[in-house]
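Following: one structure in structure tokens, then a few remarks.
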Number of protein chains: 4
Amino acid sequence: MNPRPARTAVTKQKLFDAALRLLGERGAAEVTVDEIASAAGVAKGTVYYNFGSKDALIDALLRHGVDLLAQRLRPADDTAEPVEHLVGAALEFFRDYPAFGQLLVSEMWRSPGQWHGTLSLLRDDIVAIFKQVIQRSAEQGKLPEGVQAGTASAALFGTLLVVALDWQVFQPDRSLDQVRDSVMLLVRGVSPHPR
Amino acid sequence: MNPRPARTAVTKQKLFDAALRLLGERGAAEVTVDEIASAAGVAKGTVYYNFGSKDALIDALLRHGVDLLAQRLRPADDTAEPVEHLVGAALEFFRDYPAFGQLLVSEMWRSPGQWHGTLSLLRDDIVAIFKQVIQRSAEQGKLPEGVQAGTASAALFGTLLVVALDWQVFQPDRSLDQVRDSVMLLVRGVSPHPR
Amino acid sequence: MNPRPARTAVTKQKLFDAALRLLGERGAAEVTVDEIASAAGVAKGTVYYNFGSKDALIDALLRHGVDLLAQRLRPADDTAEPVEHLVGAALEFFRDYPAFGQLLVSEMWRSPGQWHGTLSLLRDDIVAIFKQVIQRSAEQGKLPEGVQAGTASAALFGTLLVVALDWQVFQPDRSLDQVRDSVMLLVRGVSPHPR
Amino acid sequence: MNPRPARTAVTKQKLFDAALRLLGERGAAEVTVDEIASAAGVAKGTVYYNFGSKDALIDALLRHGVDLLAQRLRPADDTAEPVEHLVGAALEFFRDYPAFGQLLVSEMWRSPGQWHGTLSLLRDDIVAIFKQVIQRSAEQGKLPEGVQAGTASAALFGTLLVVALDWQVFQPDRSLDQVRDSVMLLVRGVSPHPR
DNA sequence: GATGAATGAGCTTTCATTCAT
DNA sequence: GATGAATGAAAGCTCATTCAT
């Protein structure tokens, strides 16, 4: 956006990049501000000058990451297979930012956690996009009776998160297409509906 | 078994119980050994006498918890609906030990993590049980073509984990039956198979 | 002495042996009671049953060791070369109990030390023996004028301690005879007296 | 040299001074980092910021102290009585830093000790200076036949260490001159050479 | 006589945060 | 804007000591 990014913007980006990698790998509590600063190539004081505190840095990072994810997920009006698009886009995002998935999953359900508040809100943003897509499917009769769009959205998001992490950690040599196809098969039902 | 459990066994159990609750609620790094000890009603030194280190305590706890889960999951030979049993048993377990699910999910995919090695092994134990059940379904023709039992097992386990946590954290007033039914609907397919 | 050494005496000896080795190698503060007990093949409580405290064990050990040394140093009435006997006997002792020399040297001059009181007394016992021998030499005119027997005794004891340790640690392949001869040469004067 | 010593250099010096005194008085294991920091007038964290660990502080201290000693010992080219200079300079040093002698003597011969490696090297530096002086004496025929300069150097250094400590601890009211004269008498021979 | 599980004061070390430069 | 030396509260861990068995 900004054609001449202020020095600050550059510094913040360097800190984001470094923090994302380290926090994803080892968890928020296991990473020190010293490490983040030195991985970003700046002095420790700079973290505090730019973000105020370690928590605020992580908070900003989570918001930034979820924004990126939401951008990628939002389907165009004419997307042919919206569910498939969702699955593909989510997997793509977690492939590009594997650390972010690890960060999300380890903070999302920590009820009295530092970032539980922030994450609840962010999660709602994401789930809302899923819900919108799934509801459209339902209107077209593609959803089995009895399945609530809200529940299904939350579950699908969680499943994608977990599948993406499993892919990165335990089966890194599978291709995006393979994983997306597996998920689509699952989405279409592991166990058949009783007739 | 042992009618007169050694003093040390009682102490270890008290520490397990206290640690399981605290670590799940707040994450391994957020809980101090002091807190665990005092929640267990023993002195701090007792933790070190019995487990050697905080990490070793957590390691032992993860193994213990996964053993419990595996016991509950294993179906009897004559279980009528094995997949349904799996889903119900897993949800029951995470309802009974909500803390454990949080601990699992925040450590499972941390690739260079402290407990990644331990958890990889434990994950394999659980997934193997899922696979066995799903394979039996497949033999009965209940599995859609193209779905690999391995992939499906891992994904189903992850999904259950995520759904159980979502249930505990974001929708604690839903009943086990409601949640199990939702999952079963999902398992049978959110998006119908193309005919 | 006691033909049927009580169990206690055996246990105490095992503890002495283990403690002497460990304390010499690493210093009193670096060795734990656990280590001493387990090196002696007894339980930790046994140390306290027999000695009351770690300090008391070390105290007893120092007294015992100095007694042994004093026994070896004391010359017979008809010893031909008493100074040479002293040097030889001291070196022999420190060769047999190298750990004891290390223990002595690291505690002897620690002025507010735990065992400074005990060691001051013990040192006096040893220095008195040296003094007796040197004084006899002086009466035979073998001592240069101006040398005080007290100073000389203390210095000779210290020198022997240091030389014995240097021998054990930095030149362990020299023989006792070689070392004794070196010391005797030194004792007879590195720098000749001005005539 | 540096007219405006960096803040860190000043802090390190304060820590050296405080540590030297306390460690010598009570031994490395008996002194806490808290004590060192507060004696130096800085916070505990500052010790770790500047030295990394307690062991590293002691290591640095040993190197620093030995450097000081070596500087003092090295004779000018025209020193009239080099052996006497050596004796005087060493005693002076240990009078000025009584703590350092205690530290040296209690760590020097601890073979698997924490600082044995460091101290072996440092000892070699010092002994080399002694050797140089004694060899010069030997060339002038001042050394009795059969005495090896290496052995004599090591022994003389050890003796000076021990004498200086004995002086500080057991006879603190003797003057430097008195002690130096006693040592010189000893050096010239306690026991006369056989004619 | 001997044991070893349990204790808790006190240690070393870490690290988010501050602030003078 | 940025720095990094300094801080001190709080953490993990050690270990001499106790005591019920």
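Every chain is numbered from 1, with letters handed out A, B, ... down the list of sequences.
The side-chain hydrogen bond (donor to acceptor under 3.5 Å, both in side chains) test applied to Lys44(A) returns Asp34(A), not counting sequence neighbours. Annotation: side-chain hydrogen bond (donor to acceptor under 3.5 Å, both in side chains) contacts of Thr46(B) (sequence neighbours excluded): none. With sequence neighbours excluded, the residues that form a ring pair (Phe, Tyr, Trp, His ring centres under 6.0 Å) with Phe16(D) are Phe51(D), His64(D). Residues forming a side-chain hydrogen bond (donor to acceptor under 3.5 Å, both in side chains) with Glu107(B) (at least two apart in sequence, or on another chain): Arg110(B). Every residue was checked against the side-chain hydrogen bond (donor to acceptor under 3.5 Å, both in side chains) condition with Asn50(C), not counting sequence neighbours, and none meets it. Partners of Glu35(B) by salt bridge (charged side-chain N to carboxylate O under 4.0 Å, His left out), not counting sequence neighbours, listed by chain and number: Arg26(B). Residues that satisfy the salt bridge (charged side-chain N to carboxylate O under 4.0 Å, His left out) test with Arg123(C), not counting sequence neighbours, are Asp166(D).
Gln71(B) and Asp67(B) are not linked by any side-chain donor-acceptor pair at a separation below 3.5 angstrom, with hydrogens and angles left out of the test.
Phosphate contact (OP1/OP2 of dT14(E), side-chain N/O of Thr32(A), threshold under 4.0 Å): absent. Checking the phosphate oxygens (OP1, OP2) of dA6(F), a side-chain nitrogen or oxygen of Thr11(D) falls inside 4.0 Å. Distances shown here put a side-chain N or O of Asn50(A) below 4.0 Å from the OP1 or OP2 atom of dA2(F).
The stretch residues 33-48 of chain D touches DNA chain E through Val33(D), Asp34(D), Lys44(D), Tyr48(D), each having a heavy atom within less than 4.0 Å of the strand.
If you measure from atom CG of Asp55(D) to atom C1' of dT13(E), you get 12 Å, rounded to the nearest angstrom. Summarising the geometry, the separation between CZ on Phe51(A) and P on dA2(F) is reported as 11 Å, rounded to the nearest angstrom. The interatomic distance linking Lys54(C) (NZ) with dT14(F) (C1') rounds to 11 Å, in whole Å. The CG-P distance, from Leu23(C) to dC15(F), rounds to 14 Å in whole Å. What separates CD of Gln13(D) from P of dA6(F) is a distance of 13 Å, to the nearest Å.
Scanning all heavy atoms of the two residues, the minimum distance from Leu20(C) to Tyr97(C) falls at CD2-CD2, 3.8 Å.
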Item to check | Dot-bracket pairing map - DNA chain F, Watson-Crick plus G-U, both contacts under 3.5 Å, | cross-strand | outcome: .||||||||||||||||||||

